[in-house]
Amino acid sequence: MTTEAGSGEDATFVALHSAGTTGWYGPVTAEIGRYVEAILARPVVGEPVDDHQRLHATLCRATRADAGTVASWAVGAVDCAAWDLHSRFARVPVADLLAATPQRRVPLYASWLSLDVANGIPGAAVERINRDGWQFTKWGLRRDPAADDRKAEAGRLAEAARAVAAGLRQKVAFDAVFTWDPEFAALFLDQLDPASVRWLEDPLPTFDLRAYGTLPTRLPLALGERLLLHADSEAMLGLKLQAFTLDVVACGGLTRAVDLVTAAHMLGVPIYPHGRSFVPAVHLAAAYPDAIAAVEYRLQWEPIRQRGYAQPWRPTHGVITVPRSPGLGATPRNC
């Protein structure tokens with residue numbers, strides 16, 4: 001079942017019930033909630049709550065003909081609600097189900113993509129970031145599609161990248177927010193030392209691995225948040241990635257995320273989970289600290305999402321402490 005809680009586009013919570021106990025995950029969009037009720041609710045009835053591989057296989061069969069984003073998020077939401085339910089029965093946090101001795105403190109990096117560095121960053125924002133102890137920061141670096149001179153536009157973005165790195169006095173990650181193309185990436189690299197950038201995330205408009213294969217190999221590329229349940233993860237991890245930014249729910253849930261983290265770690269690819277699925281990402285990072293260096297904390301959006309939870313999570317000096325209470329930590333405030 002699903003329920004509405006909180007405000008904004010993501011206001012729906014998925015609930016799984018068993019033996020008088022409820023497992024939760026959310027918030028997700030209402031469209032995802034409707035998909036869960038219409039397609040996934042019936043197949044999961046009677047499945048054992050503690051056999052995550054079996055439950056996940058059932059969810060995959062129910063969506064095998066649907067490679068869309070909503071289906072993938074729906075499977076991930078149900079999977080995460082099942083982990084929450086299992087951990088409540090086991091009376092331990094989800095991280096303790098994922099690993100025998102998980103870390104209790106998980107490092108975070110901060111992102112604020114609405115403050116695009118190409119348009120300048122307010123000094124107060126830079127000072128705030130410097131004070132708060134994040135592992136590092138990530139900023140938007142959008143190309144202006146109306147710019148006639150592409151070389152000049154690439155130079156403008158390169159200069160903006162240098163300026164923000166100098167202001168923060170550290171290597172910075174950037175997100176192109178799907179606004180670049182391979183030619184523009186080459187022009188950008190002609191004007192900026194790629195070693196000075198932590199990574200450039202999601203430059204191309206579509207998640208086309210063939211197109212990503214044509215990017216300059218010098219580009220410090222980050223990909224992962226658009227990797228869906230039925231997508232070819234092996235091909236994506238075969239690219240020369242500076243960071244694997246998987247979204248724990250979008251990829252199909254914690255059950256699949258564990259396999260993806262294992263595969264990426266074996267290939268030596270650094271893993272930095274996407275912040276939209278912050279709560280399950282923290283449990284995953286706590287269980288796999290050798291593979292996951294930090295989880296994204298979206299400065300603009302995560303505090304708003306946390307208001308919808310019964311027990312909000314608040315970082316301190318760039319670190320989040322995993323609660324010791326049973327569950328995932330995504331119980332809605334008004335359930």
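Excluded from the calculations below are hydrogen atoms, water molecules and symmetry mates; all remaining heavy atoms, backbone and side chain alike, are included.
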Practice prompt. Using the six-membered ring wherever Trp is involved, compare the ring planes of Trp134 and Tyr297 and label them parallel, tilted or perpendicular (cut-offs 30° and 60°).
Written response: parallel
Worksheet item: Does a donor on one side chain and an acceptor on the other come within less than 3.5 Å for Asp247 and Ser277?
Response: yes
Worksheet item: Linking I/L/V/M/F/W/Y whenever their side-chain heavy atoms sit closer than 4.5 Å, directly or via other members, would Val94 and Ile320 fall into one cluster?
Response: yes
Worksheet entry | Heavy-atom side-chain contact between Arg276 and Asp10 under 4.5 Å | yes
Item to complete: For Gln53 and Asp51, run side-chain contact (heavy atoms from CB on, under 4.5 Å): C-alpha distance rounded to whole Å, both residues' side-chain angles, the deciding distance at 0.1 Å, then the answer.
Response: CA-CA 6 Å; Gln53 292 294 339; Asp51 189 340; 4.1 Å; yes
Worksheet item: Are Tyr109 and Val295 connected in a single hydrophobic cluster, I mean Ile/Leu/Val/Met/Phe/Trp/Tyr linked by side-chain heavy atoms less than 4.5 Å apart?
Response: no
Worksheet item: Are Trp24 and Thr22 close enough, and set up right, to give a side-chain hydrogen bond (donor to acceptor under 3.5 Å, both in side chains), and what steps lead you there?
Response: CA-CA 6 Å; Trp24 296 94; Thr22 301; 5.0 Å; no
Fill in: Gap separating the CG atom of Leu227 from the OG atom of Ser233, nearest 0.5 angstrom
6.0 Å
Worksheet item: Is there a side-chain contact between Pro203 and Leu221, using heavy atoms and a 4.5 Å cut-off?
Response: yes
Practice prompt. Check whether any side-chain N or O of Lys138 sits under 3.5 Å from a backbone N or O of Leu200 as a donor-acceptor pair, and report yes or no.
Written response: no
Item to complete: Output the distance between atom CG (Leu209) and atom OG1 (Thr214), rounded to the nearest 0.5 Å.
Response: 11.0 Å
Discussion item. Please determine whether residues Val197 and Leu113 belong to a single hydrophobic cluster, defined as Ile, Leu, Val, Met, Phe, Trp and Tyr linked transitively by side-chain heavy-atom distances below 4.5 Å.
Written reply: no
Discussion item. Side chains of Thr137 and Gln170, heavy atoms from C-beta outward: is any pair under 4.5 Å?
Written reply: yes
Worksheet entry | Backbone N/O of Pro102 and side chain of Tyr288: donor-acceptor pair under 3.5 Å | no
Item to complete: Determine, for Phe136 and Arg198, whether the Lys NZ or Arg CZ falls below 6.0 Å from the six-membered ring centre while staying within 45 degrees of the axis.
Response: yes
Worksheet item: Which of these, Lys151, Arg150, Arg156, sits in a side chain to side chain donor-acceptor pair (under 3.5 Å) with Glu153?
Response: Arg156
Worksheet item: Are there more than 12 heavy atoms of other residues, nucleotides or ligands under 6.0 Å from atom CG of Asp193?
Response: yes
Worksheet item: Hey, would you say the His274 and Trp301 ring centroids sit under 6.0 Å apart?
Response: no
Worksheet item: Do Val319 and Leu108 touch side chain to side chain, with heavy atoms closer than 4.5 Å?
Response: no
Discussion item. Are more than 12 heavy atoms, taken from residues, nucleotides or ligands other than Glu159, located less than 6.0 Å from that residue's CD atom?
Written reply: yes
Discussion item. To check you understand the geometry: which heavy-atom pair defines the closest contact between His265 and Asp290, and what is its length?
Written reply: CE1-O, 3.3 Å
Worksheet item: When you measure from the side chain of Thr63 to the backbone N and O of Leu59, does any donor-acceptor pair fall under 3.5 Å?
Response: yes
Worksheet item: Does a donor on one side chain sit under 3.5 Å from an acceptor on the other, for Thr331 and Arg88?
Response: yes
Worksheet item: In terms of heavy-atom contacts, does CZ of Arg105 have more than 12 from other residues, nucleotides or ligands at under 6.0 Å?
Response: no
Worksheet item: Taking the side chain as C-beta and beyond, is there a heavy-atom pair between Leu215 and Pro182 under 4.5 Å?
Response: yes
Discussion item. Classify the ring geometry of His52 against Trp83: parallel below 30°, tilted from 30° to 60°, perpendicular beyond 60°.
Written reply: parallel
Discussion item. Can you confirm if the aromatic rings of Trp199 and Tyr272 lie within a centre distance of less than 6.0 Å?
Written reply: yes
Worksheet item: Taking all atoms of both residues into account, what is the closest heavy-atom pair of Leu16 and Val78, and its distance?
Response: CD1-O, 3.7 Å
Practice prompt. Assess whether atom CD of Gln300 is packed by more than 12 heavy atoms of other residues, nucleotides or ligands within 6.0 Å.
Written response: yes
Item to complete: For side-chain contact (heavy atoms from CB on, under 4.5 Å), just list the numbers for Trp73 and Thr29, CA-CA rounded to whole Å, side-chain angles, deciding distance to a tenth of an Å, and then say yes or no.
Response: CA-CA 9 Å; Trp73 272 90; Thr29 65; over 6 Å; no
Worksheet item: How about Trp112 and Phe174: are their ring centroids closer than 6.0 Å?
Response: no
Fill in: Nearest atoms (heavy-atom pairs only) where Phe89 meets Ala19
CZ-CB, 4.0 Å
Worksheet item: Closest heavy-atom contact between Val279 and Leu328?
Response: CG1-O, 3.2 Å
Discussion item. Quick check against the 3.5 Å criterion: does Ser72 have a side-chain atom that pairs as donor or acceptor with the backbone of Leu229?
Written reply: yes
Worksheet item: Is there a donor-acceptor pair under 3.5 Å between the side chain of Thr58 and the backbone N or O of Arg54?
Response: yes
Discussion item. If we ignore hydrogens and angles and just use 3.5 Å, is the side chain of Asp202 paired with the main-chain N or O of Phe178 as donor and acceptor?
Written reply: no
Practice prompt. Write down the atom of Pro43, the atom of Leu40, and the distance for their closest heavy-atom approach.
Written response: CD-O, 3.2 Å
Discussion item. For the NE2 atom of His283 and the SG atom of Cys80, what is their distance to the nearest 0.5 Å?
Written reply: 9.5 Å
Worksheet item: Do Arg143 and Phe184 have side-chain heavy atoms sitting under 4.5 Å apart?
Response: yes
Discussion item. Exactly one of Glu302, Glu296, Arg298 should register a side chain to side chain donor-acceptor pair (under 3.5 Å) with Ser111. Which one does?
Written reply: Glu296
Worksheet item: Quick one: is the NZ or CZ of Arg226 closer than 6.0 Å to the six-membered ring centre of Phe207, and within 45° of its axis?
Response: no
Worksheet, complete the sentence: Rounded to the nearest 0.5 Å, the CZ atom of Arg256 sits from the SG atom of Cys60 at a distance of 8.0 Å
Worksheet item: Is there a side-chain contact between His317 and Asp132 (heavy atoms, below 4.5 Å)?
Response: no
Worksheet entry | pair Asp175-Leu141: side-chain heavy atoms closer than 4.5 Å | no
Fill in: Pairwise distance CG(Leu192) to CZ(Arg162) - rounded to 0.5 angstrom
5.5 Å
Item to complete: Is it possible for you to say whether Leu267 and Ile292 belong to one hydrophobic cluster, with membership spreading through side-chain heavy-atom contacts below 4.5 Å?
Response: yes
Worksheet item: Is NZ or CZ of Arg142 both nearer than 6.0 Å to the six-membered ring centre of Trp180 and within 45° of the ring axis?
Response: no
Worksheet entry | Any side-chain donor near an acceptor of the partner, Asp79 and Tyr25, under 3.5 Å | no
Item to complete: Find the distance between CG (Leu219) and OH (Tyr212) and round it off to the nearest 0.5 Å.
Response: 9.5 Å
Practice prompt. Compare every heavy atom of Asp84 with every heavy atom of Gly327, then report the nearest pair and how far apart it is.
Written response: CA-OD1, 3.1 Å
Practice prompt. List the steps and the verdict of side-chain contact (heavy atoms from CB on, under 4.5 Å) for Gln311 and Arg333.
Written response: CA-CA 7 Å; Gln311 298 293 330; Arg333 185 182 66 242; over 6 Å; no
Fill in: Single-linkage hydrophobic cluster Tyr35~Leu228, side-chain heavy atoms < 4.5 angstrom
no
